[in-house]
Amino acid sequence: MAKVAIVGATGRVGQYAALTISRIPYVREVQLYGRPGSEDVLDGVARDLIDSFAATGTDSHVSWSCNLEDLKGSDIIVFTAGVARKPQQTRIDLAVENARIVADFAQKIGKIAPDSFIMMVTNPVDIMTHVALRYSGKKPNEVFGLGTHLDSMRLKSSIASFFQVHVSEVHTRIIGEHGDSMVPLWSATTIGGIQISNLPSFAHVPIEDIMQQVRSAGQKIIASKGATVWGPGEAIATLIRTILGNENRILTVSAYIKAEVHNIGDVCIGVPARMNRSGVYPVPIRIEPTEVRNFQNSVEKIRGVTQEIFTILENGE
Ligand SMILES: NC(=O)C1=CN([C@@H]2O[C@H](COP(=O)(O)OP(=O)(O)OC[C@H]3O[C@@H](n4cnc5c(N)ncnc54)[C@H](O)[C@@H]3O)[C@@H](O)[C@H]2O)C=CC1
Ligand SMILES: O=C([O-])CC(=O)C(=O)O
């Protein structure tokens, strides 16, 4: 039975993640961490959460703290702290501000909870995953980000709706940046086990419209209701359940790759990875030439910004 801590637990994603995580059978304790000064909110979030347990039969223990030392003993630390974008901003616009927050916490978490996994949610998530990896001193298989799993969920729903099939019949993946340069893998998309391009109706799929919807999904939701909450909250729980349940599922998360995709690497970015109780392991893959080119572009974009961010952090600017 595991302890999962949430850093940023007073925020919108952090609060909903606390609910979804509390329902995972392998979770013994959900710990809500907030900055000093947020005691009242944390206490309220904990009480509200516990009120839901009688209805769902949940028996996780809920604790809260403003003392980072209390994260000691966590199996997974979910990081949702930092600024969220406004409708006109890109996720990359948040990089400098959030990198400072992530680097500071990651350094401390590396010492306080040396055996925990870090799951990054804060945007731009690929770059923040790399910052957390470097500043925590953890191993690459111990630090991962929500990445393109959420984008893959969005694409899956759109495909299921177009073909009027249950979502469980659709397998698909988006790799690359959790952002504009994301790359859908049509070569890895199946419906009812059939490769999608082998279905005659594939010719009528409005691929560009669908991808435009997936790319802009977060921004549209933020413009209308202020934040994306339930999609990310459920996605977070899926990744945590996969690790704690030692499920060996292959999910598309932001992870450090050396050369697993056509020898492209040295970056944290969305890739298919096998996930189990020992961590996150990117799966070597071969994809279509156009997909490789698009992935390479996405990698170069993220690697470039990551390097700029490391320079800023190192120079203390
Ligand atoms: N990777 C993904 O798919 C997703 C990522 N996100 C990202 O998650 C993050 C949180 O989003 P929301 O919960 O909507 O934001 P929010 O504003 O509701 O919550 C932010 C949380 O961070 C804390 N925080 C802010 N500045 C801090 C600092 N300097 N030190 C410590 N804690 C600090 C706040 O107290 C609050 O708990 C954002 O960066 C957002 O872009 C959100 C949804 C999906
Ligand atoms: O769009 C955002 O800023 C939040 C996010 O990453 C998402 O929901 O995909």
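A quick note: this is a predicted structure, and the numbers were derived from the prediction, not measured.
Side-chain atoms of Thr238 come within 3.5 Å of backbone atoms of Glu234 as a donor-acceptor pair (strictly under, hydrogens ignored). Looking only at distances, a side-chain donor or acceptor of Ser136 sits under 3.5 Å from a matching main-chain atom of Lys138. The main-chain N or O of Asn123 is found under 3.5 Å from a side-chain atom of Asn98 such that the two form a donor-acceptor pair. At distances below 3.5 Å, at least one donor-acceptor pair connects side-chain atoms of Ser60 with backbone N or O atoms of Ser22. Of the possible donor and acceptor atoms, one in the side chain of Ser152 sits under 3.5 Å from a partner among the backbone N and O of Ile174. Under the 3.5 Å distance criterion, the side-chain polar atoms of His262 are left unmatched by any main-chain donor or acceptor of Ile264. Under the 3.5 Å distance criterion, the side-chain polar atoms of Lys139 are left unmatched by any main-chain donor or acceptor of Leu133. Glu29 places no side-chain N or O within 3.5 Å of a backbone atom of Val27 that could act as its donor or acceptor partner. Arg154 places no side-chain N or O within 3.5 Å of a backbone atom of His149 that could act as its donor or acceptor partner. Side-chain atoms of Gln15 come within 3.5 Å of backbone N or O of Thr10 as a donor-acceptor pair.
A 4.5 Å side-chain heavy-atom check between Arg277 and Asp75 finds at least one atom pair inside the cut-off. Looking only at side-chain heavy atoms (C-beta outward), Val170 and Thr190 stay at 4.5 Å or farther from each other. Looking only at side-chain heavy atoms (C-beta outward), Leu32 and Val62 come within less than 4.5 Å of each other. Considering only heavy atoms from C-beta on, Met119 comes within 4.5 Å of Leu146 through its side chain. Counting only heavy atoms from C-beta outward, the side chains of Trp64 and Val45 never approach each other to under 4.5 Å. Between Phe79 and Val102 the shortest side-chain heavy-atom distance falls below 4.5 Å. Proximity of Ile175 to Pro272: side-chain heavy atoms (C-beta onward) are separated by under 4.5 Å at one or more points. Within the 4.5 Å cutoff, the side chain of Ile222 has heavy atoms near those of the Arg85 side chain.
Each of Leu71, Asn67, Leu42 was evaluated against Tyr33; a single residue qualifies, Leu71, per the side chain to side chain contact (heavy atoms under 4.5 Å, CB included) test. Tested against Ser187 for a side chain to side chain donor-acceptor pair (under 3.5 Å), the candidates Arg286, Arg173, Glu291 yield a single pass: Glu291.
Of all heavy-atom pairs between Val83 and Leu94, the closest is O-CD1, 3.6 Å. Minimum heavy-atom separation, Ser74 to Ala5: OG-CB, 3.6 Å. When all heavy atoms are compared, the tightest approach of Thr90 to Asp93 is N-OD2, 2.9 Å. Of all heavy-atom pairs spanning Met153 and Gly231, the tightest one is CE-O, 3.9 Å.
One hydrophobic cluster, built from ILVMFWY side chains closer than 4.5 Å, cannot hold both Ile221 and Val13; they sit in different ones. One hydrophobic cluster, built from ILVMFWY side chains closer than 4.5 Å, cannot hold both Leu150 and Ile127; they sit in different ones.
In this structure, Asp59 places its CG atom where only 12 or fewer heavy-atom neighbours from other residues, nucleotides or ligands lie under 6.0 Å away. At most 12 non-hydrogen atoms from other residues, nucleotides or ligands lie less than 6.0 angstrom from CZ of Arg249.
Side-chain contact, Tyr256 with Asn141: no donor N or O sits under 3.5 Å from an acceptor N or O. Side chains of Arg215 and Gln212: a donor on one and an acceptor on the other come within 3.5 Å. The closest side-chain donor-acceptor pair between Ser298 and Ser181 falls under 3.5 angstrom. In summary, the side chains of Ser197 and Gln195 do present a donor paired with an acceptor at a separation below 3.5 Å, with no hydrogens or angles considered.
One finds no salt bridge joining Asp51 and Arg47 here, because no Lys/Arg side-chain nitrogen approaches an Asp/Glu carboxylate oxygen to under 4.0 Å. Using a cutoff of 4.0 Å between basic side-chain nitrogens and carboxylate oxygens, Lys108 and Asp104 are scored as salt-bridged. Using a 4.0 Å cut-off between a side-chain N of Lys or Arg and a carboxylate O of Asp or Glu, Lys301 and Asp126 do not qualify as a salt bridge. Ion pair Glu300/Arg303 not flagged as a salt bridge, since none of the NZ, NE, NH1 or NH2 atoms sits closer than 4.0 Å to an Asp/Glu carboxylate oxygen.
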I'd like to know whether Phe310 forms a ring-ring contact (aromatic ring centres under 6.0 Å, His included) with His130, so could you lay out the CA-CA distance, the side-chain angles of the two residues, the decisive distance to 0.1 Å, and finally the verdict. CA-CA 9 Å; Phe310 282 149; His130 212 145; 5.2 Å; yes
Between Leu185 and Ile287, is the side chain to side chain contact (heavy atoms under 4.5 Å, CB included) condition met? List the steps. CA-CA 8 Å; Leu185 293 187; Ile287 50 180; 4.0 Å; yes
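Taken from CG in Leu251 to CZ in Arg241, the straight-line distance is 9.5 Å, to the nearest 0.5 Å.
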